[in-house]
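Here's the structure, in structure tokens; my notes come after.
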Amino acid sequence: MFKKILDPKGNFNAKFGLKLAVAVALLPALAFSAPAVGKVRSALGSVERIKEKQKDWSSLNVGAKIYQADRVRTGIESEVIFGLPDGSSITIAENAEIEMTNLLEPNNEGGFETRIDIKKGHIDFAVRKLQERKSKFVFKTGTMTASIRGTEGYIGGEDVFFAGLKTGKLEISSKSGQTVSIVAGETTFGSDSLVVVKLASSGDARFAKKIEKLLAQKKPVKELLPEIQKADSSYQEQLKSEAQAAAEALPENGFSVSTTSPVEVCDQGLMVEGFYRTSDEAATLILKVGNSYQSANLIRAADGVAHSFAQKVVLNDENGLWNVNKATLTFMGAGVNSTKSVDVQVNKACTEVNSKAPVVNIVSYDSLRCAANLSVSEMQNDAGVVTIAVDGTEKSEESITKNVQSRLKLESGRHEYLIKAKDLAGNEAEVSQVMGCYPKKHFNVSVIGGTKQKMTPPPVPPEGFADIITETLQFRIKLAENDPELLYKVVVKQNGKPILQEILSQIQNLDYQIPVTLERNSVNRFDIEVTHKSGYRAKARKVYEVIGNVR
């Protein structure tokens, strides 16, 4: 397979053929417990939805939730925009039909998969890039499948596939394994073969409609290429003319917005631009974003002449504006009150937007139940990955879309646990703690030589010599794990008086041989008590009877 790249003049060097299956890099979506729904942010014209196992279509309105297996269709001059919890957005263009095959559905690799089947028409997408590699965001048309990684553009086509990128990268693969890539500023189209062309309008939603109409003519590629390039140039001129016309067509008191909606916000912030005209010196033009930002008056001159305005707003989690989806301009003056809005798509993978790192805590742990309670906060309206390592070895990796509380099962014994969280923008936080898992288990202490032993003492030594009778007390602590690390304390008492006490790290083995001194003509009682870290105690006793007073 060969990649065909065309410059604006239409020159290219090769082409490739394929019966298409498009596969692209991965978009992570989320784990622990992600909500498997989208939400309608905007609906214009005729927008309908039919749920799984239902027979009738019903209207779909702003605020409605989209569930897995829903089918959505739009009429002529209609569209619907819905968002996902990770900040991604999907716009279903006019006269289209799609099926939500999967929405943030857990897959077998420990990640999530969102799969959208384009039955008719095309969609515009702004897919957010996550850190986690195990999840997928997949679009499917009648002829191919495309997985997206942090990309913005459009995709569609029933008989003739087409896709254009404003940002990101799309890697297209044939069934034979050959691949070709398109990047930002490139558009690809074809059925039995694909052509890749550089266009200034690649990824633009309105331009996608023009591409769709041209491809519907089903002309040969050689005829389509100049028409598509001409459409690209014409569209760029159209954008310039629209901006100029907006300024010239302003009413005596009013304004227009030249910022294309929706606008993606990253590290450069939100920029809203346009034109205004007024003769009222008391007129105001105010920009509002969310509940916490309001600009000063953007009107600088009230001379009846058209003037431009531009206002930049920083949107991030620090100022609480990173979850907005609209910016609203309101003009008041000369008896006129008008409002216009711009749709906003905040890219939470940008470090200047998403600057607050997650907070990870080990809230508590129970060594008897072998469980720890974890929390990850500062993740509301964000998404990220949580990894857990034990003694330096990674054990699990999960994705999350919100603040979570989870219960971690601890491994037997004493280990160091490292919990790390990374959000969309790569901000990291971690916490480590040594925790033990010691479930209560029965064990016993075995005394060597029996629990009772009668002894004939040696002759009493002559005066001036010490009268000492020595013996070796032997016992074994029988643990199923055969690991002294599980013990908390070992105590040995002789006739009620401690002669040995070991705690935690002092306990090095399970077999004891202790030299002891016995008293003549008496019963010498040795009490052994072993405490497990779970709190369970095992006891044993050894009695030496030393009777007799022989010289």
Inset, instruction - Can you see which heavy atom on Val359 is nearest to which on Asn361, and at what distance? - result: CG1-ND2, 3.8 Å
Legend entry - Straight-line distance of Arg73 CZ to Leu60 CG, nearest 0.5 Å: 12.0 Å
Legend entry - Asn354, Asn427, Asn323 screened by side-chain hydrogen bond (donor to acceptor under 3.5 Å, both in side chains) with Asp382, the one that passes: Asn354
Legend entry - Salt-bridge criterion met for Lys119 and Asp117 (N-O under 4.0 Å): yes
Inset, instruction - Could you check if a side-chain atom of Ile50 sits within less than 4.5 angstrom of a side-chain atom of Asp56, using non-hydrogen atoms only? - result: no
Inset, instruction - Would you check if the side chain of Lys348 reaches a backbone N or O of Asn381 as a donor-acceptor pair within less than 3.5 Å? - result: yes
Inset, instruction - May I ask you to check whether Ser78 and Ser46 show a side-chain donor-acceptor distance below 3.5 Å? - result: no
Legend entry - Non-hydrogen side-chain atoms of Lys312 and Leu270 separated by less than 4.5 Å: no
Inset, instruction - Run the salt-bridge test on Lys198 and Glu186 with the 4.0 Å N-O cut-off and return the result as yes or no. - result: no
Inset, instruction - For Glu318 and Asn316, work out which heavy atoms get closest and say how close. - result: N-OD1, 3.0 Å
Inset, instruction - From the options Phe189, Phe161, Phe162, select the one residue that forms a ring-ring contact (aromatic ring centres under 6.0 Å, His included) with His122. - result: Phe162
Legend entry - Spatial distance of atom CD (Glu352) from atom CG (Leu315) [nearest 0.5 Å]: 12.0 Å
Legend entry - From CA spacing to verdict: salt bridge (charged side-chain N to carboxylate O under 4.0 Å, His left out), Glu97, Arg71: CA-CA 7 Å; Glu97 181 178 333; Arg71 292 179 71 140; 2.6 Å; yes
Inset, instruction - Taking all non-hydrogen atoms of both residues into account, name the closest pair between Ile92 and Met100 and its distance. - result: CD1-CE, 4.5 Å
Inset, instruction - Before accepting this row, confirm whether a basic side-chain N of the pair Lys219/Glu227 lies closer than 4.0 Å to the acidic partner's carboxylate O. - result: yes
Inset, instruction - Answer yes or no: is there a donor N or O on one side and an acceptor on the other, between the side chain of Ser355 and the main chain of Thr351, under 3.5 Å? - result: no
Legend entry - salt_bridge(Lys356, Asp317) N-O dist < 4.0 Å: no
Inset, instruction - Check whether the ring centres of Phe125 and Tyr154 lie less than 6.0 Å apart, and answer yes or no. - result: no
Legend entry - Taking every non-hydrogen atom, the tightest pair across Phe275 and Phe309: N-CE2, 3.4 Å
Legend entry - Reported CD1-to-CD1 distance for the pair Ile90 and Ile155, which is rounded to 0.5 angstrom: 10.0 Å
Inset, instruction - Decide yes or no on side chain to side chain contact (heavy atoms under 4.5 Å, CB included) for Val386 and Lys420, but give the supporting numbers first. - result: CA-CA 6 Å; Val386 176; Lys420 182 184 295 185; over 6 Å; no
Legend entry - Step-by-step side chain to side chain contact (heavy atoms under 4.5 Å, CB included) determination, Val265 to Asn347: CA-CA 6 Å; Val265 177; Asn347 186 349; over 6 Å; no
Inset, instruction - Examine distances only and state if a side-chain atom of Asp232 and a backbone atom of Leu199 form a donor-acceptor pair shorter than 3.5 Å. - result: no
Legend entry - Non-hydrogen atoms of Gly156 and Ile118 that approach each other most closely: CA-CD1, 4.4 Å
Inset, instruction - Kindly indicate whether the side chain of Asn403, heavy atoms from C-beta on, has any atom under 4.5 Å from the side chain of Val376. - result: no
Legend entry - Short side-chain donor-acceptor distance under 3.5 Å, Ser89 and Gln345: yes
Legend entry - Gap between atom NZ of Lys402 and atom OG of Ser377 - 0.5 Å precision: 14.5 Å
Inset, instruction - Run the numbers on Ile388 and Glu394 for side chain to side chain contact (heavy atoms under 4.5 Å, CB included), then give the verdict. - result: CA-CA 6 Å; Ile388 298 175; Glu394 186 174 310; over 6 Å; no
Inset, instruction - State plainly whether the residues Glu242 and Arg206 are in salt-bridge range, i.e. N to O under 4.0 Å. - result: yes
Inset, instruction - Let me know which of Asn325, Thr91, Val40 forms a side-chain contact (heavy atoms from CB on, under 4.5 Å) with Ile81. - result: Thr91
Legend entry - Check: Asn253/Thr278 side-chain N/O donor and acceptor closer than 3.5 Å: yes
Inset, instruction - Identify the heavy atoms of Glu273 and Ala310 that sit nearest to each other, and give their distance. - result: CG-CB, 3.8 Å
Inset, instruction - Could you please spell out the steps behind the side-chain hydrogen bond (donor to acceptor under 3.5 Å, both in side chains) verdict for Glu79 and Thr74? - result: CA-CA 6 Å; Glu79 73 170 25; Thr74 56; over 6 Å; no
Legend entry - Spatial distance of atom CD (Glu212) from atom NZ (Lys209) [nearest 0.5 Å]: 9.5 Å
Legend entry - Within-4.5 Å side-chain heavy-atom neighbours: Glu378 and Gln380: no
Inset, instruction - Identify whether the distance between the nearest side-chain nitrogen and carboxylate oxygen of Arg41 and Asp343 falls below 4.0 Å. - result: no
Legend entry - Asn291, CG: over 12 other non-hydrogen atoms inside 6.0 angstrom: no
Legend entry - Flag side-chain contact, heavy atom, 4.5 Å: Ile211 against Ile228: yes
Inset, instruction - Determine yes or no for a side-chain-to-main-chain donor-acceptor pair under 3.5 angstrom, with Ser261 supplying the side chain and Val342 the backbone. - result: no
Legend entry - Tyr276 side chain near His307 side chain, heavy-atom distance below 4.5 Å: yes
Inset, instruction - Mark yes or no for whether Thr188, through its side chain, and Val195, through its backbone, hold a donor-acceptor pair below 3.5 Å. - result: yes
Legend entry - Side chain proximity check, Thr339 to Thr328, heavy atoms < 4.5 angstrom: yes
Legend entry - Close side-chain approach of Tyr293 and Lys288, heavy atoms under 4.5 Å: no
Inset, instruction - I would like to know whether Val404 and Met379 meet side chain to side chain contact (heavy atoms under 4.5 Å, CB included); could you show each step before the answer? - result: CA-CA 8 Å; Val404 295; Met379 289 294 296; over 6 Å; no
Inset, instruction - Could you tell me whether Glu77 atom CD has more than 12 heavy atoms of other residues or ligands within 6.0 Å of it? - result: no
Inset, instruction - Kindly confirm or rule out a cation-pi arrangement of Lys340 over Phe255, judged by NZ or CZ under 6.0 Å from the six-membered ring centre and within 45° of its axis? - result: yes
Legend entry - Asn297 CG to Leu287 CG distance, which is reported to the nearest 0.5 Å: 12.0 Å
Inset, instruction - Ignoring hydrogens and angles, state whether a donor on the side chain of Glu48 or Ser58 is under 3.5 Å from an acceptor on the partner side chain. - result: no
Legend entry - Exceeds 12 heavy-atom contacts within 6.0 angstrom, atom CD of Glu252: no
Legend entry - side-chain hydrogen bond (donor to acceptor under 3.5 Å, both in side chains) partners of Glu223, counting only residues at least two apart: none
